[in-house]
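Values reported hereafter were calculated over all heavy atoms of this structure, with side chains retained and with hydrogens, waters and symmetry mates removed. Each chain gets a letter, A, B and so on, in the order its sequence line appears, and its residues count up from 1.
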Amino acid sequence: MADTKSGDINTGNKSFSEFIKGFWKENPVLVMLLGMCPTLAVTTSAINGLTMGLAVVFVMTGSSVIVSLVRNIVPKQVRIATFVVIIATFVTMVDLFLKAFLLDLSKALGPFIPLIVVNCIILGRAEAFASRNSVWLSLVDALGVSFGFTVTLVFLGGIREILGMRTFFGMSVLGEGFEPWVIMLLPPGAFITLGFMLGAKNLIDRKMKERKKY
Amino acid sequence: MANEQNSLILSTSPHIKSDESVRKIMLSVNITLVPAAAFSVYQFGLYTLLLYAVSIATCLVSEYVVVRLRKRTFTLNDGSALVTGILLVMVLPPRFPAYGVVLGAFVSIVIGKQIFGGLGNNIFNPALIGRAFLAATYPVHISQWILPRMSAAAVSGATPLAGMKFDGIVTPFSDLFFGTVSGSIGETSAILLILGSLYLLMKKYIKWRIPASIFVTVIVLGEIFHLINPAKFPGPVFHLFAGGLMIGALYMAADMVTSPITKKGCVIYGCAIGLLVIIIRLFGGLAEGVMYAILFMNAFVPLINRATKPRIFGTGVNHEY
Amino acid sequence: MSTRVKMILILTLFASISGGVLSIVYLFSSPLIEANLLEELKKSIFLVVPNAKDYDEKVIDEITYFECRDESGSTVGIALPARGNGYQGVIKLMVGLTPDLSRITGIKVLEQIETPGLGGRIGEDSFQNQFKGVQTEPAVEYVKNREPEKDTEIQAITGATISSRSIVSIINKNIQMLKDAL
């Protein structure tokens with residue numbers, strides 16, 4: 001296992017590139033197509049997407065830091081089991097927090113908060129990154145990936161909310177003259193919107209590449 | 001140089017020489033739709049003419065824009081966008097809002113066809129994709145019916161299928177046959193659709209096995225359920241001529257791109273559509289199931305094609321000689 | 001130390017820490033969560049039974065219902081939690097009834113996943129308010145495309161007959177079950 005020493009804290013450049021990698025180049029939703037279940041199911045509004053995303057930010061940064069801290073004392077035979085215990089702890093904390101303070105959001109997100117435990121993105125980052133990198137780099141990586149997830153979900157939820165309910169974060173943005181597209185609140189709306197977002201991401205990447213060439 | 005190219009065509013076999021072209025086939029389809037479309041304008045008023053115009057215009061513009069964006073040049077004048085535009089309106093309710101038609105036509109062409117790579121690559125019938133999108137987008141508008149000008153019924157605006165399913169009213173056969181009933185714009189007159197498609201069948205632009213197997217399945221299953229409980233389930237003739245079965249079977253299920261290419265495949269495909277139509281109509285939450293039946297089976301066409309691929313002569317396992 | 005022993009030790013350690021942390025979090029959050037749920041229950045009960053100021057939870061034949069009292073302590077109505085299948089999934093309702101169960105005093109849709117903008121409109125006040133004062137004998141009924149005439153009728157939502165019918169049948173079924181039990 002490659003073990004980077006604490007000197008990384010000073011190499012801000014590397015941290016930044018790790019963050020960008022998780023946020024854009026290897027965006028969990030738009031590039032890796034992981035975590036599709038919460039991505040498609042809960043994003044009927046921007047606030048749902050944001051809450052889901054922030055829950056993942058908390059679980060991911062927490063578990064990545066802990067996993068990275070203990071990476072040298074956990075025997076490799078039980079590492080997955082240990083990681084799942086760590087992740088489940090953070091997920092349960094989020095779940096209880098939402099139920100105690102934000103009951104309406106907790107209801108809207110339903111079983112998808114507890115299901116973060118089995119979200120491939122988090123276990124994937126724990127196994128592929130945090131368990132073989134320093135605490136600082138793991139934290140940066142977790143922040144990049146989870147904020148990439150959050151921003152994507154807010155976009156997806158925002159587009160669906162605007163077209164499906166004429167509002168954005170509950171604020172009215174389209175006038176009465178626009179008749180809401182109910183399909184956007186239904187599963188097909190999620191798939192169609194995500195498809196267009198994937199296309200847009202690839203288009204932007206291609207344009208950026210072309211510009212680099214000249 | 002140009003002369004040489006014209007005089008000598010090099011290509012691999014098979015060498016088929018035929019004057020059929022996509023353009024010619026699509027134009028024939030358009031022309032055969034004219035009687036039913038004209039009848040629909042008479043029945044439901046000039047507003048439907050506006051819808052046809054809006055739909056066709058949106059289809060052509062969307063096609064043009066996407067083709068330009070994809071840097072392709074060949075699909076605009078083949079007439080397929082025109083077919084989609086007309087068919088989309090024909091399966092919508094008569095008072096559907098025009099902005100909804102614009103959206104539906106756009107979705108038909110862009111999501112239904114061009115995203116898959118244009119005509120020939122689309123998995124689903126584009127007009128039905130547009131219709132399905134609109135059904136989910138404007139669920140209230142999609143179920144608003146009006147009485148046609150020549151109408152058999154006096155008061156109820158419900159379609160024959162909805163009347164049968166929710167109120168137990170059976171519409172007489174002649175009304176269904178001639179189209180003096182409420183329903184989607186172009187689906188009501190069975191006779192005009194049949195007459196139109198006869199030409200296409202003659203020219204073999206429609207694979208006759210598909211509509212034939214749909215009709216046979218619907219008749220057989222309709223009769224079986226009618227015999228089981230005549231009070232609850234209407235007879236096979238009703239199923240055949242009510243709702244969108246005619247337009248669906250003749251013009252949409254038999255669409256060249258989205259139907260199987262093998263003869264056996266066509267029969268399997270048609271029977272499955274017929275079965276789904278009957279199941280949805282009799283036991284589903286919706287009154288009409290032709291659209292979803294066809295879209296559902298569209299998805300299976302590649303599988304059907306592969307499963308029914310004929311053995312190439314001289315290959316495969318054959319130890320009998 | 002052999003790997004096997006280490007494995008067991010480490011996993012046990014992590015599980016214990018996790019359990020410890022979670023019990024602390026739970027200790028702090030559970031009173032809040034219970035208060036939240038109670039608050040919601042109260043809100044829905046007082047919404048469907050007007051004039052109710054307090055209630056007693058009663059259970060009879062495994063049917064839970066809430067007997068509501070006003071300030072003077074006399075019974076003003078019954079709130080009955082009801083559930084059943086809608087068009088797309090389970091619908092949960094709170095039904096308010098007069099003490100003799102003959103009239104509905106109000107309903108509140110607590111949970112539903114019907115089509116937004118169509119069946120989802122069962123959650124709107126204009127639909128729910130129709131049930132105020134509706135007779136439950138012999139049964140609640142729905143009519144389509146016209147104003148209700150009888151005391152037992154409500155008007156179904158246009159284009160969402162199935163969701164409207166589900167609400168009516170859930171109400172009828174649950175009231176009948178309570179009547180049979182009492």
Interchain contact, C:Y26 with chain A, by part (heavy-atom threshold 4.5 Å): both
Spacing of NZ belonging to C:K6 relative to CD belonging to A:Q77, to within rounding of 0.5 Å: 9.0 Å
Residues in residues 10-23 of chain C that sit under 4.5 Å from chain A, counting heavy atoms only: C:I10, C:L11, C:F14, C:A15, C:S18, C:V21, C:L22
Which of A:L96, A:V74, A:I86, A:V85 touches chain C most, by non-hydrogen pairs under 4.5 Å: A:L96
Over 12 foreign heavy atoms within 6.0 Å of CZ, A:F178: yes
Exceeds 12 heavy-atom contacts within 6.0 angstrom, atom NZ of C:K43: no
Do you know which of [options] has the most heavy-atom pairs under 4.5 Å to chain A?
| options | value |
| --- | --- |
| C:I33, C:I8, C:L32 | C:I33 |
| C:V25, C:N36, C:L37 | C:N36 |
| C:S30, C:S29, C:G120 | C:S29 |

Could you tabulate the donor-acceptor pairs under 3.5 Å formed by side-chain atoms of residues 99-110 of chain A, not counting sequence neighbours?
| residue | atom | partner | partner atom | Å |
| --- | --- | --- | --- | --- |
| A:K107 | NZ | C:E40 | OE1 | 3.0 |
| A:K107 | NZ | C:E40 | OE2 | 2.7 |

Contacts with chain C made by residues 182-195 of chain A (heavy-atom distance under 4.5 Å), listed by residue number: A:V182, A:L185, A:L186
Contacts of A:E161 that satisfy salt bridge (Lys or Arg N to Asp or Glu O under 4.0 Å) - sequence neighbours left out: none
